[in-house]
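Can you read through this structure? Questions will come right after.
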Amino acid sequence: MKEKLQKIREEALAQLESSDTLDRLNEIRVAYLGKKGKLTAVLKGMKEVAPEERPRVGQMVNETRAAIETYLDSARKKIADKMREEQLKKEVIDVTLPAQKNHFGHRHPNTIALEEMERIFIGMGYEVMEGPEIEYDKYNFEYLNIPANHPAKDEQDTFYINNDILLRTQTSSVQVHAMEQGKLPIRMIAPGRVFRSDEVDATHSPSFHQVEGLVVDRNITFADLKGTLAEFAREMFGEQTKTKFRPHHFPFTEPSAEMDVTCFKCGGKGCRFCKGSGWIEILGCGMVHPHVLELCGIDPEVYTGFAFGVGLERIALLKYEIDDMRLLYENDERFLKQF
Ligand code: DAH
């Protein structure tokens, strides 16, 4: 019996010696000390041992078990130490390496153009307003003199949430919110994102930005509109910039116009940039239609107003001579870094 236990002990120790994972150690523990393990089998065979021998054999079994357990413990510790050492080696930090530079982003060309516009209009006493991007038909179309089935709705097809709620196609919707609040006079600009079901190309995107402007007060005339927008153009594009108003049609203004500015590349002589004409179109504008004032609860006999709408991307593209609108949305750092 003694030799048998001796053999079990040596065998177990040899196996522990040569194992290098905690899983393997556990296998060995089960194989020797487990319910069906080799040492347990010896205990189970005690009935064959003569009664007077039993205490001695029992003691030997216990010693063997203790020896195997001690060895298991130290093997476990050795493996754990080794794993920890490897982990530490992997995680060594070389403090002499140069630090990684932080990347600082900066303002997007759209934002730069918008902040410039806001600066100009705030300087003229305007306030900056915001309106919702998800809008009722009433604000985006109906109160702007574009009733159901008006052809202008076809040109500004958009994404409908239901028959009555849509993604706004123009920031002109904020005009209605401003007038509805009922506080007069109004001098505001309203920048924001608008949506149209347009295909993406160099000059179109299903989502872009506009800046709306609205003034409502007593005695506002077309002269105020012209003077204000001419001043805006000079500040935005340079002191020598001239402006020209071409008659146009918008349902919510009467009369309506589009404003051109002299090409800031060639000064109006005509170049590739302005396609030889010397002029560049930058916005739509007009006197607020009396019917729109009425719909919004303002008496057109007492108050008049003017409004305008500028495509923000258009300003950014012109100002920074970017020839493809898509570049503004790709967020390529190499592009954005240039502004
Ligand atoms: N909302 C018009 C558009 O998206 C632009 C516009 C034109 C706005 C004339 C105005 C305006 O306020 O008076 O095409």
Side-chain angles (χ1 to χ4, degrees), residues 117 120-121 124 140-147 149-157 169-176 179 186-190 194 196 198 203-204 208 210-217 219-237 240-264 266-270 273-296 298 300-301 303-315 317-318:
M117 267 193 82
I120 296 168
F121 280 101
M124 294 196 269
N140 195 80
F141 291 127
E142 197 189 327
Y143 279 29
L144 290 169
N145 233 357
I146 309 170
N149 304 320
H150 192 287
K153 271 186 135 163
D154 206 31
E155 279 162 32
Q156 295 194 11
D157 192 15
T169 62
Q170 46 185 355
T171 45
S172 304
S173 57
V174 190
Q175 287 187 29
V176 181
M179 289 189 272
I186 297 168
R187 264 179 204 81
M188 68 86 170
I189 56 169
V194 299
R196 295 192 190 176
D198 281 344
T203 53
H204 291 86
F208 58 103
Q210 290 185 331
V211 183
E212 193 73 15
L214 174 70
V215 172
V216 180
D217 202 348
N219 305 317
I220 297 292
T221 69
F222 203 87
D224 297 304
L225 179 157
K226 281 184 80 172
T228 305
L229 293 179
E231 180 55 24
F232 158 66
R234 276 194 295 273
E235 287 208 43
M236 195 77 194
F237 298 110
Q240 333 69 2
T241 310
K242 291 195 188 66
T243 44
K244 174 171 89 173
F245 292 81
R246 278 179 294 104
H248 199 80
H249 172 262
F250 296 104
F252 38 91
T253 43
E254 181 59 34
S256 306
E258 280 187 334
M259 183 175 93
D260 298 346
V261 294
T262 40
C263 175
F264 39 85
C266 64
K269 285 197 286 290
F273 203 65
C274 54
K275 300 197 185 82
S277 76
W279 294 95
I280 295 171
E281 178 214 318
I282 65 158
L283 57 80
C285 58
M287 300 306 291
V288 181
H289 198 294
H291 188 51
V292 171
L293 290 173
E294 230 163 39
L295 286 169
C296 297
I298 296 173
E301 296 297 328
Y303 287 96
T304 48
F306 69 81
F308 56 92
V310 189
L312 186 60
E313 277 81 355
R314 187 158 175 77
I315 302 284
L317 297 182
L318 287 172

* Asked: Between CG of Leu295 and CD of Glu142, what distance do you get to the nearest 0.5 Å?
  ->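 The CD atom of Glu142 is 7.5 Å from CG of Leu295, to the nearest 0.5 Å.
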
* Asked: Should the pair Phe273 and Phe264 be assigned to parallel (<30°), tilted (30 to 60°) or perpendicular (>60°) ring geometry?
  ->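 Ring orientation of Phe273 relative to Phe264: perpendicular.
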
* **Where Tyr143 and Cys296 come nearest, the two heavy atoms and their spacing** =>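 Minimum heavy-atom contact is CD2-SG, 4.3 Å.
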
* Asked: To the nearest 0.5 Å, what is the distance between CD (Glu258) and NZ (Lys244)?
  ->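 Rounded to the nearest 0.5 Å, the CD-NZ separation comes to 11.0 Å.
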
* Main-chain N/O of Ile220 paired with Thr304 side-chain donor or acceptor, under 3.5 Å ->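 Between the backbone of Ile220 and the side chain of Thr304 there is a qualifying donor-acceptor contact (under 3.5 Å).
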
* Atom NZ of Lys226 with >12 non-hydrogen neighbours under 6.0 angstrom ->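 It does not: Lys226 NZ has 12 such atoms or fewer within range.
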
* Asked: Going from SG on Cys263 to CZ on Phe237, what distance comes out if it is rounded to the nearest 0.5 angstrom?
  ->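 If I round to the nearest 0.5 Å, the distance is 10.5 Å.
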
* Could you tell me whether the side chain of Phe121 reaches within less than 4.5 Å of the side chain of Arg187, counting heavy atoms only? =>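 Result no, sub-4.5 Å side-chain heavy-atom pair not found.
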
* Would you say Leu229 and Thr243 make side-chain contact, with heavy atoms under 4.5 Å? ->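 In short, these two side chains do not touch, never coming nearer than 4.5 Å.
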
* Asked: Got Phe252 and Val288 here, is their nearest side-chain heavy-atom distance under 4.5 Å?
  ->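 Of all side-chain heavy-atom pairs linking Val288 with Phe252, none is under 4.5 Å.
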
* Is there a donor-acceptor pair under 3.5 Å between the side chain of Asn145 and the backbone N or O of Pro251? ->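 Between the backbone of Pro251 and the side chain of Asn145 there is a qualifying donor-acceptor contact (under 3.5 Å).
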
* Asked: Is there a side-chain contact between Ile280 and Arg314, using heavy atoms and a 4.5 Å cut-off?
  ->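 In short, these two side chains touch, coming nearer than 4.5 Å.
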
* Asked: Which atoms form the tightest heavy-atom contact between Gly278 and Cys266, and what is the distance?
  ->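 The pair with the smallest heavy-atom distance is CA-SG, 4.5 Å.
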
* How about Phe306 and Phe222: are their ring centroids closer than 6.0 Å? ->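 They do not qualify: ring centres at least 6.0 Å apart.
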
* Parallel, tilted or perpendicular: ring planes of His289 versus His291, cut at 30 and 60 degrees ->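 It falls in the perpendicular class, over 60°.
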
* About how many Å separate CD1 of Ile282 and CE of Met236, when rounded to the nearest 0.5 Å? ->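 Interatomic distance, Met236 CE to Ile282 CD1, rounded to 0.5 Å: 8.5 Å.
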
* Looking at side-chain heavy atoms only, is the closest gap between Thr171 and Val211 below 4.5 Å? ->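 A side-chain contact is absent here, since even the closest heavy-atom pair is not under 4.5 Å.
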
* How many angstroms lie between CE in Met117 and CZ in Phe232, if you round to the nearest 0.5 Å? ->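 Reported value, rounded in 0.5 Å steps: 4.0 Å.
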
* Could you tell me whether the side chain of Met287 reaches within less than 4.5 Å of the side chain of Thr253, counting heavy atoms only? =>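 The answer is no, as the side chains (C-beta and beyond) never meet within the 4.5 Å cut-off.
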
* Asked: What closest approach, in Å, do Leu214 and Ala307 show between heavy atoms, and which atom pair accounts for it?
  ->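 Minimum heavy-atom contact is CD1-CB, 4.2 Å.
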
* So how far is it from Asp260 CG to Arg246 CZ, rounded to the nearest 0.5 Å? ->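 Between atom CG of Asp260 and atom CZ of Arg246 there are 4.0 Å.
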
* To do: Give a yes or no on whether the backbone of Gln156 and the side-chain of Arg196 come within a donor-acceptor separation of less than 3.5 Å.
  =>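 Flag not set: sc Arg196 to bb Gln156 has no pair under 3.5 Å.
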
* Between Thr262 (side chain) and Gly268 (backbone), is there a donor-acceptor pair under 3.5 Å? ->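 Not a single qualifying donor-acceptor pair exists.
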
* **Nearest non-hydrogen partners of Leu283 and Gly309, listed with the distance** =>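 Heavy atoms of Leu283 and Gly309 come nearest at CB-O, 3.4 Å.
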
* Can you see which heavy atom on Ala233 is nearest to which on Val261, and at what distance? =>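 Here Ala233 and Val261 meet closest at CB-CG1, 3.7 Å.
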
* **Phe308 side chain near Val215 side chain, heavy-atom distance below 4.5 Å** =>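 No, side chains not in contact.
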
* Between Gly213 and Gln175, which heavy-atom pair has the shortest distance, and what is it? ->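 So the two residues come closest at O-NE2, 4.2 Å.
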
* Asked: Side chains of Phe141 and His150: does their closest heavy-atom pair fall under 4.5 Å?
  ->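 Side-chain contact under 4.5 Å: no.
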
* Assess the side chains of Gln170 and Gln210: does a donor N or O sit below 3.5 Å from an acceptor N or O? =>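 Looking only at side-chain atoms, Gln210 and Gln170 do not form any donor-acceptor pair under 3.5 Å.
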
